[in-house]
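These notes are about the structure you will find just below.
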There are 2 protein chains.
Amino acid sequence: MSLPELDDFDRHLLTRMQADAHCKAETLAAEIGLSASAVQRRLKRLRERGVIQAEVAVLDPAVMGRGLTLIAGLTIGRDNYAALPRLRAWLAAEPAVQQAWYVTGEADLVALVLAPDMPAYDALCARLMAEVPQLSRITTQVVIEPLKRSLALPIA
Amino acid sequence: MSLPELDDFDRHLLTRMQADAHCKAETLAAEIGLSASAVQRRLKRLRERGVIQAEVAVLDPAVMGRGLTLIAGLTIGRDNYAALPRLRAWLAAEPAVQQAWYVTGEADLVALVLAPDMPAYDALCARLMAEVPQLSRITTQVVIEPLKRSLALPIA
DNA sequence: GCTGAAAGTGTGTTAAC
DNA sequence: GTTAACACACTTTCAGC
């Protein structure tokens, strides 16, 4: 994949689109000093090039009954490292796992889990431990309060 | 805030909108078996009620020069707990911090950081330690590979 | 209440410049 | 990149369920 060059207009557009992808091209155009047509053409190009990977709706977790957030560190025993693909697949398939990272550090994998409440999280862990027995440890950090929730990237 | 009741149509819409908020109402209508008008009306209501909090563009981190992801556990000494608001404000204001959670567990706060490379992350940590001296420890997990990246919630 | 269809409005798209 | 003509999507209205 070639790295597309972005000018200041693109950067302004991307900054704005990361905050609100629903707004009209005319609004964006007025803000960055461009015509609406130019804005749409640029947006189309950014989408086609894959700079804009998707536009998604962000929902209120409380309304959806997922008021509890947990950060789980997953550790596989040294002897069971072959089970890693299996664990990754499990995380990928589980809807309650919103995000997951394969890391180096204290744990092997870190997962961001959204649950209705603690019993539900307990049940999830039990299921995980049962279905991936090679998993040796789950260390959980309970989120008291989410401070920042976004997928936005800093724009240089 | 009253919890809005959602029917099956709403749930289908939300599921679809979490994956792609750019698609046309007519497309959604055909998929869930409703007229385009009804879909638009429902979407408007879901936005007004705050069920849909935002629609945002998701960018490619590689293209934006943020290929490195890190998970930082931040610990404040027992004596310096009054510095917590200051630390929270710092994280909120720092663009490289994409997500942050106030947690109970090994650390006091967990931050998801996006950096161009390790030197940049080092510089960020140095700046943080300098500007919030009450911070006693930063434990970093380096992300080898992101497995899942989304803000989508499971729809019951 | 909510839906579906048609009319009306505004936006996204395309072509010429 | 801008402007203008065009096509299409969204909005509103209204009748009906």
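Note that this is a predicted model, so its numbers are computed, not measured.
- Heavy-atom distances under 4.0 Å link DNA chain D to Leu34(A), Ser35(A), Ser37(A), Ala38(A), Arg41(A), Arg42(A) of residues 19-48 of chain A, given in residue order.
- Counting heavy atoms from C-beta on, the side chains of Trp101(A) and Gln99(A) come closer than 4.5 Å.
- Arg149(B) and Gln98(B) are not linked by any side-chain donor-acceptor pair at a separation below 3.5 angstrom, with hydrogens and angles left out of the test.
- Here Arg127(B) pairs with Glu94(B) under the side-chain hydrogen bond (donor to acceptor under 3.5 Å, both in side chains) rule; sequence neighbours left out.
- Remark: Glu31(B) pairs with Arg16(B) by the salt bridge (Lys or Arg N to Asp or Glu O under 4.0 Å) rule, at least two apart or across chains.
- The side-chain hydrogen bond (donor to acceptor under 3.5 Å, both in side chains) test applied to Gln134(A) returns no partner, not counting sequence neighbours.
- Residues meeting the side-chain hydrogen bond (donor to acceptor under 3.5 Å, both in side chains) test with Tyr121(A), sequence neighbours left out: Thr140(A).
- Scanning DNA chain C 5' to 3' for nucleotides with an atom closer than 4.0 angstrom to a non-hydrogen atom of chain A gives a first and last hit of dT11(C) to dT14(C).
- A salt bridge links Glu145(A) with Arg88(B): the distance from a Lys NZ or Arg NE/NH1/NH2 to an Asp or Glu carboxylate oxygen falls below 4.0 Å.
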